[in-house]
**Student:** 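Pasting a structure below so you can have a look.
Everything quoted here is computed from the prediction, not taken from an experiment.
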Amino acid sequence: MKPSRDKRRDKRPQADRSSPQAGRSERPVAPRRNPDAPDAKPVPEPKAAPRVLKRREGALPAERLPVILEVSPNADYALLDSGEGEKLEQYGPYRIVRPEGQAIWQKALPAKEWANVDAVFTGDTDEEGMGRWRFPKTPLGETWPMSHDGISYLGRFTSFRHVGVFPEQASHWDHMASLIRNAGRPVKVLNLFGYTGLASLVAARAGAEVTHVDASKKAIGWARENQLMAGLGEKPIRWICEDAMKFAEREERRGNGYDIILFDPPAYGRGPKGEVWQLFEDLPALTDICRSILTPKPLAVVLTAYSIRASFFAIHALMRDTFAGMGGTIESGELIIREKAAGRALSTSLFSRWVAS
């Protein structure tokens, strides 16, 4: 399918996307307490001095844009219809209705199709707001079995409308898997803001050694469950619960390197020790660090940005500047899901990726 990430309106859930992905309201919201943390409020660690950024020397990488990466309906996932602020999706055996702010057109399917569903997200429609699920037919548990390209995992009904996977990310997953298989050598992958781990499982199945980082203990636990569910328990995946920026900074100090880096940050988030992430403030520094922790012969760096008021040209320019002198190509655009009912395209997020060749 692919990874989440609906996830992209203006804010991503902090607990489940630590860092949906999500994972996606039109205005900033007050920080919430991390539900994974103890009842006592965490004491934020003092923020480190800002990284001093200097413009890189050398020729800018080639560019290819706009690039529209599309996920079409398949046996694992389908966007059945959308409109009037909602979307109707098929996740494995279940039909689900969730809010979708970008679906400003009219629904194509009749009302009876929208009524014939297994789960409906209700309550606060703000991305950061709590909500609940209503089950019109049989009450369902928190999880259900799902699959992506033969990889089994658990779908989940979370209180932030997300379901544990962001199917629009499938295009990135497929691209990454082909790079790993065709490398002809061992490949190390770093997945920052990794959420429930589907991207990490795709990379591990393709033959990579994977480091998966997320600030949410709950998300790490879900990801470990998915690894066992997929029958990939013996694959080399390190599961690390830590603030993504702090982890990347430590890897830089240690001189560790990766061939492929994925980072899918939220607009706002908190780390396990109260670290605060603000996308527009912190993204340039993290992008710079990602360049510095690449191996001598890297393959790709993939940035996905959800829920921000920006054009993909903004992150395209950031990535191109950051990777000046590296050669390769910066490809930027949007991730979309093609609707089954009327063939319309639902945009889910912006992306920019540096590819070595």
Side-chain angles (χ1 to χ4, degrees), residues 1-5 7-8 12 17-23 67 69 71 148 151 165-181 183 187-216 219-220 223 226-227 235-240 242-245 247-248 251 256-266 269 277 279 283 286-295 298-306 315 318-319 322-323 328 330-333 335 348-356:
M1 286 172 337
K2 209 107 175 242
S4 93
R5 271 114 143 273
K7 139 189 182 184
R8 328 287 200 195
R12 299 268 294 287
R17 290 290 295 174
S18 76
S19 334
Q21 240 43 57
V67 177
L69 300 180
V71 168
H148 163 73
I151 296 178
V165 64
F166 297 96
E168 65 272 15
Q169 295 273 350
S171 300
H172 286 329
W173 296 340
D174 294 345
H175 178 253
M176 173 183 63
S178 68
L179 291 176
I180 295 168
R181 288 192 298 265
V187 173
K188 295 179 68 176
V189 172
L190 174 61
N191 186 12
L192 297 172
F193 311 96
Y195 194 39
T196 55
L198 203 45
S200 296
L201 298 182
V202 170
R205 185 181 67 172
E209 177 185 329
V210 181
T211 298
H212 174 109
V213 180
D214 199 284
S216 166
I220 293 290
N226 285 339
Q227 182 182 22
K235 293 295 184 180
I237 305 177
R238 288 196 299 159
W239 304 104
I240 297 176
E242 188 170 354
D243 176 76
M245 180 76 85
F247 178 82
E251 292 295 87
N256 292 335
Y258 299 88
D259 300 290
I260 298 175
I261 299 177
L262 312 176
F263 61 126
D264 184 10
W277 166 269
L279 186 79
L283 183 60
L286 181 57
T287 306
D288 191 72
I289 297 170
C290 285
R291 169 173 171 158
S292 72
I293 58 176
L294 290 171
T295 59
L299 297 173
V301 176
V302 181
L303 163 64
T304 309
Y306 289 91
I315 60 173
L318 171 65
M319 289 284 284
T322 302
F323 288 87
I330 301 291
E331 303 175 335
S332 305
L335 302 181
T348 63
S349 63
L350 315 177
F351 81 91
S352 183
R353 66 189 185 193
W354 172 80
V355 183

**Student:** I need the minimum non-hydrogen distance between Pro265 and Thr304, along with the two atoms involved.
**Tutor:** CD-O, 3.4 Å
**Student:** Does the side chain of Leu190 reach to within under 4.5 Å of the side chain of Glu251, using non-hydrogen atoms?
**Tutor:** no
**Student:** Dump the intermediate steps for side-chain contact (heavy atoms from CB on, under 4.5 Å) on Met245 and Ile289, then the final yes or no.
**Tutor:** CA-CA 9 Å; Met245 180 76 85; Ile289 297 170; 3.7 Å; yes
**Student:** Phe263: which residues meet the ring-ring contact (aromatic ring centres under 6.0 Å, His included) condition with it, sequence neighbours left out?
**Tutor:** none
**Student:** Quick one: closest heavy-atom pair of Met176 and Ala199, and the distance?
**Tutor:** CE-O, 3.4 Å
**Student:** Any side-chain heavy atom of Phe351 sitting closer than 4.5 Å to one from Val67?
**Tutor:** yes
**Student:** To the nearest 0.5 Å, what is the distance between OH on Tyr195 and CG on Asp264?
**Tutor:** 11.0 Å
**Student:** What closest approach, in Å, do Ser332 and Ser352 show between heavy atoms, and which atom pair accounts for it?
**Tutor:** OG-OG, 2.7 Å
**Student:** So Trp354 and Phe323, would you call those rings parallel, tilted or perpendicular, with 30° and 60° as cut-offs?
**Tutor:** parallel
**Student:** Please name all residues satisfying side chain to side chain donor-acceptor pair (under 3.5 Å) with Thr211, sequence neighbours left out, ordered by chain then number.
**Tutor:** Arg238
**Student:** What distance do Asn191 atom CG and Ile261 atom CD1 have between them, rounded to the nearest 0.5 Å?
**Tutor:** 10.5 Å
**Student:** Is there a donor-acceptor contact under 3.5 Å from the side chain of His172 to the main chain of Leu303?
**Tutor:** no
**Student:** Run through Asp259, Leu299, Val301 and flag the one making a side chain to side chain contact (heavy atoms under 4.5 Å, CB included) with Leu294.
**Tutor:** Val301
**Student:** Taking all non-hydrogen atoms of both residues, which atom of Leu192 and which atom of Cys290 are closest, and how far apart?
**Tutor:** CD1-SG, 4.1 Å
**Student:** Taking side chain to side chain donor-acceptor pair (under 3.5 Å) as the test, write out the residues that go with Gln227, two or more places apart.
**Tutor:** Trp239
**Student:** Going from OG1 on Thr287 to CG on Leu318, what distance comes out if it is rounded to the nearest 0.5 angstrom?
**Tutor:** 4.5 Å
**Student:** Please name all residues satisfying ring-ring contact (aromatic ring centres under 6.0 Å, His included) with Tyr258, sequence neighbours left out, ordered by chain then number.
**Tutor:** none
**Student:** Can you list every salt bridge (Lys or Arg N to Asp or Glu O under 4.0 Å) pair that touches residues 190-200, not counting sequence neighbours?
**Tutor:** none
**Student:** How close do Val202 and Ala177 get, heavy atom to heavy atom, and via which atoms?
**Tutor:** CG1-CB, 4.1 Å
**Student:** If you compare all heavy atoms of Gly257 against all heavy atoms of Thr295, which two are closest, and at what distance to 0.1 Å?
**Tutor:** C-CG2, 3.5 Å
**Student:** Just jot down the side chain to side chain donor-acceptor pair (under 3.5 Å) partners of Asn226, sequence neighbours excluded, or say none.
**Tutor:** none
**Student:** How far does CD1 of Ile260 sit from CG of Leu179, to the nearest 0.5 angstrom?
**Tutor:** 5.0 Å
